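Read the structure below first, then the notes.
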Amino acid sequence: MVTPLTGPDDLDAAGLERLLQHLEQGGVSALFILGTTGEGPGLSYRLRREVIDRVCDYAGDRLPVLVGVADTSLVESLLLADYAARKGAAAVVTTCPYYFPMSQGEYLSFLERVSPDYALPLFLYNLPRHVGFSIGAKTARCAADLPNVWGLKDSSGDLDYFREVAGLLRERPEFSLLNGPEQILAETVAMGAHGGVCGGANLYPKLYVGLYNAARDRNEPEIKRLHKQVLEICDLVYTHGPDGSSYLRGIKCALELAGICAGAMAEPYSALTGEPREKIGRALAAMGLLATSV
């Protein structure tokens, strides 16, 4: 989920409510908040707690909520996990602590020490582009044996890596293996992924739910048809400049144009303006995804 904002530290509460309704009506299986697309590491701790409050209140017992608690400080990560547990979240998700480099052995030793301290089931988040560390496939398999580690979200986009991890975890079907990049959702489900955490689903959840279902059922004609639409969404919203924020600026712009929530962003990024914004608007209108049809 994105975090709807009206300013760098101000939640768009009405937009958040609309987004939650939109996602639930689109058939999603769960909600992942305060991750990369949710700008979690860029939000104040006060605002992160407000997002947890509102999303957990809305979701109730209907939708599991996974809360991103990645932080440079283990203490702050654990405090946010405790807060999420008190509010009724189902699990927490965290990257390797970033800034200070770690080896695979150091990371695994770290997990052995701290994973029991998290108040909720822990999902690992492989995000090498932003964190500067990739959870090795064998490290992930060893981590799966820890008593409070229940899943891995892989956002590396590396199919060879995903295939290796899925193979090592095949004997552990209760360990959730989730894919991040939606461009390879169908491929990773065929390899053994249990689901996808897709940024584009904020805009068009029914499409991504449909693609997952088609991939799970090995419905090749439907996979081909829906995968083409997913790539069209990606081309529309993720390609406005070479900078790393382009995908997020695009999806928040599209959500604003679709009438779902405001498009402001947390610092250091700013909202999309000018011709790129107009281009997204024209494309959304052509695809029938503006406010009247979403």
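One is the number of the first residue; the rest follow in order along the sequence. These figures come from a predicted structure and were not determined experimentally.
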Under a 3.5 Å distance rule, please check whether R170 uses its side chain to pair with a backbone N or O of G192 as donor and acceptor.
no
When you measure from the side chain of R18 to the backbone of C261, do you find a donor-acceptor pair of N or O atoms at a distance under 3.5 Å?
no
Apply side-chain contact (heavy atoms from CB on, under 4.5 Å) to residues L185 and V230 and explain how you reach the verdict.
CA-CA 10 Å; L185 174 61; V230 165; over 6 Å; no
Give a yes or no answer on whether the side chain of Y208 reaches the backbone of G199 with a donor-acceptor pair at less than 3.5 Å.
no
Any donor-acceptor pair under 3.5 Å linking the side-chain atoms of E24 with those of Y58?
yes
Does a salt bridge link E232 with K228, judged by any charged N lying under 4.0 Å from a carboxylate O?
yes
Can you name the salt bridge (charged side-chain N to carboxylate O under 4.0 Å, His left out) partners of E112, sequence neighbours left out?
none
Take a 6.0 Å sphere around CZ of R172 and say whether it holds more than 12 heavy atoms from other residues, nucleotides or ligands.
yes
Main-chain N/O of Y83 paired with R49 side-chain donor or acceptor, under 3.5 Å
no
Between the CD1 atom in I260 and the CG atom in L20, the distance rounded to the nearest 0.5 Å is 11.0 Å
Got a donor-acceptor contact below 3.5 angstrom from the Q104 side chain to the S134 backbone?
yes
Counting N and O atoms only, with roles assigned by atom type, does the side chain of N179 sit under 3.5 Å from a partner on the main chain of P181, one being a donor and the other an acceptor?
yes
Passes side chain to side chain donor-acceptor pair (under 3.5 Å), Y45 versus D71? Steps please.
CA-CA 11 Å; Y45 294 123; D71 205 285; 2.7 Å; yes
Taking E39 for its side chain and A266 for its backbone only, find out whether a donor-acceptor pair lies under 3.5 Å.
yes
Look at the side chain of T3 and the backbone N and O of G38, then say whether any donor-acceptor pair between them is shorter than 3.5 Å.
yes
Stepwise side-chain contact (heavy atoms from CB on, under 4.5 Å) check, F32 with L178
CA-CA 11 Å; F32 175 33; L178 305 173; over 6 Å; no
Taking C-beta and beyond as the side chain, do D158 and F162 meet within less than 4.5 Å on heavy atoms?
no
Determine, stepwise, if the pair D160 / R163 fulfils salt bridge (Lys or Arg N to Asp or Glu O under 4.0 Å).
CA-CA 5 Å; D160 290 335; R163 184 180 293 106; 3.1 Å; yes
If two hydrophobic side chains count as joined below 4.5 Å and joins carry through other members, does V93 share a cluster with F110?
yes
When you measure from the side chain of R141 to the backbone N and O of V165, does any donor-acceptor pair fall under 3.5 Å?
no
Distance-only side-chain donor-acceptor flag, E182 / Y238, under 3.5 Å
yes
Measure the shortest side-chain to side-chain distance between L248 and T36 over non-hydrogen atoms and say whether it is less than 4.5 angstrom.
no
So, are E256 and K252 salt-bridged, with charged N and O less than 4.0 Å apart?
no
Could you tell me whether R277 and E275 have a side-chain N and a carboxylate O separated by less than 4.0 Å?
no
Short side-chain to backbone donor-acceptor contact, N148 and S115, under 3.5 Å
yes
